[in-house]
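Report on the structure given below.
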Amino acid sequence: QHLIGGIFCIPSIFFGAHFPQAVASALAKHGCLMEAGWEFQDLAERFYQVFVKNDWTKNSPTSLRTLVLHHSMGLSIIVPLNIYFGDNRLYHEGMFLMQGVSAFCITSQYYSYTLNTEKPWDMIQMKVLSMSNFLIMFYCRIIGFGGIMMKILPIIYDQNQILAIAGIVTTILMQYLNFKFLRSNFSRAVKYAFLPLPPVKK
């Protein structure tokens, strides 16, 4: 979902001169809606598990708090942004950074589960992936996303103050979650950066 949603934002961001604006904006808005749609079904599924089935096995209080932080932005402002600012390239770029970095980090993390760090080549891959995840997360979710929100929120505020306030609140929540993810990625990157390469087995 993150990968496809991020790809749908690419024409507007990188190939705007080669795509009709209506087409590029429509693709980007659909990519953003994919994020909101996935979050809505995830929220509905977990609501059913907890309040109907009374099943907490996959829904610890910690995971539910993380879910609320993660879903707050998508569920509260994506639809209004699509309606009122759907052609804004900054909006598309922000969603591309959020979804694109998630797609990369999740894919590389799953791939890392297949690595055997007792083998030199696999350890090298683990070092590269861990550091790449941290650097990409830092740039895209902290610097890139934070900078875009600082640019677009004043534009939104001039036209819709309620939506701007919702954007400010959800941006703070999302950045808090981003720093938690970044801290985890940093610890992982440092851990593998200082681990020696295993000897080559003959």
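FYI, side chains are in, hydrogens and waters are out, and symmetry mates aren't considered; it's all heavy atoms of this structure.
A pairwise comparison of heavy atoms in A166 and I77 identifies CB-CG2, 3.9 Å as the closest pair.
When only modelled atom types and interatomic distance are considered, S63 and S60 share a side-chain donor-acceptor pair under 3.5 Å. Residues D55 and Y48 bring no donor and acceptor atom of their side chains to less than 3.5 Å of each other.
The distance from the CE atom of M137 to the CG atom of N185 is 4.5 Å, given to the nearest 0.5 Å. Atoms CD1 and CZ, from I10 and F19 in turn, are 10.0 Å apart once rounded to the nearest 0.5 Å. Rounded to the nearest 0.5 Å, atoms CD1 (I162) and CD1 (I156) are 13.5 Å apart. To the nearest 0.5 angstrom, T107 atom OG1 is 10.5 Å from H2 atom NE2. Interatomic distance, L177 CG to I172 CD1, rounded to the nearest 0.5 Å: 14.0 Å. A distance of 12.5 Å separates CG in L67 from OG1 in T62, rounded to the nearest 0.5 Å.
Side-chain contact between H92 and N88: absent, with no pair of heavy atoms (C-beta onward) separated by less than 4.5 Å. Using a 4.5 Å cut-off on side-chain heavy atoms (C-beta onward), R188 and N133 make no contact. Counting heavy atoms from C-beta outward, C32 and N82 have side chains that approach closer than 4.5 Å. Side-chain atoms of Y157 and L163, non-hydrogen and from C-beta on, never get closer than 4.5 Å to each other. No side-chain heavy atom of S108 sits less than 4.5 Å from a side-chain heavy atom of M126.
The backbone N or O of C9 lies less than 3.5 Å from no partner atom in the side chain of S12, so there is not a single donor-acceptor pair. For the pair D122 (side chain) and L115 (backbone), a donor-acceptor distance under 3.5 Å is absent.
Atom CD of E118 has 12 or fewer neighbouring heavy atoms from other residues, nucleotides or ligands inside a 6.0 Å radius. The environment of NZ in K127 is crowded: more than 12 heavy-atom neighbours from other residues, nucleotides or ligands sit within 6.0 Å. More than 12 heavy atoms of other residues, nucleotides or ligands shown are found within 6.0 angstrom of CD1 on I106.
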N/O donor-acceptor pairs under 3.5 Å from side chains in residues 140-151, not counting sequence neighbours:
residue : atom : partner : partner atom : Å
R141    : NH1  : N178    : OD1          : 2.9
R141    : NH2  : M98     : O            : 3.0
R141    : NH2  : S102    : OG           : 2.4

Donor-acceptor pairs are to be reported for all side-chain atoms of residues 22-31 against protein atoms at under 3.5 Å, with residues two or more places apart or in another chain.
residue : atom : partner : partner atom : Å
S25     : OG   : Q21     : O            : 3.0
S25     : OG   : D87     : OD1          : 3.0
H30     : ND1  : A26     : O            : 2.8

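The cluster map of Ile, Leu, Val, Met, Phe, Trp and Tyr, joined by side-chain heavy atoms under 4.5 Å apart, puts V101 and V128 in different clusters. The cluster map of Ile, Leu, Val, Met, Phe, Trp and Tyr, joined by side-chain heavy atoms under 4.5 Å apart, puts M174 and V68 in different clusters. L81 and L75 sit in two unconnected hydrophobic clusters of ILVMFWY residues. Membership requires side-chain heavy atoms under 4.5 Å apart, directly or through other members.
Listed by chain and number, the residues in a ring pair (Phe, Tyr, Trp, His ring centres under 6.0 Å) with F15 amount to none (sequence neighbours excluded). By the ring pair (Phe, Tyr, Trp, His ring centres under 6.0 Å) test, F47 pairs with F51, sequence neighbours left out. Under the side-chain contact (heavy atoms from CB on, under 4.5 Å) criterion, Q1 pairs with M34, E35, W38, Q99, not counting sequence neighbours.
Residue pairs meeting the ring pair (Phe, Tyr, Trp, His ring centres under 6.0 Å) criterion with at least one partner in residues 161-199, sequence neighbours excluded, are F134-F186.
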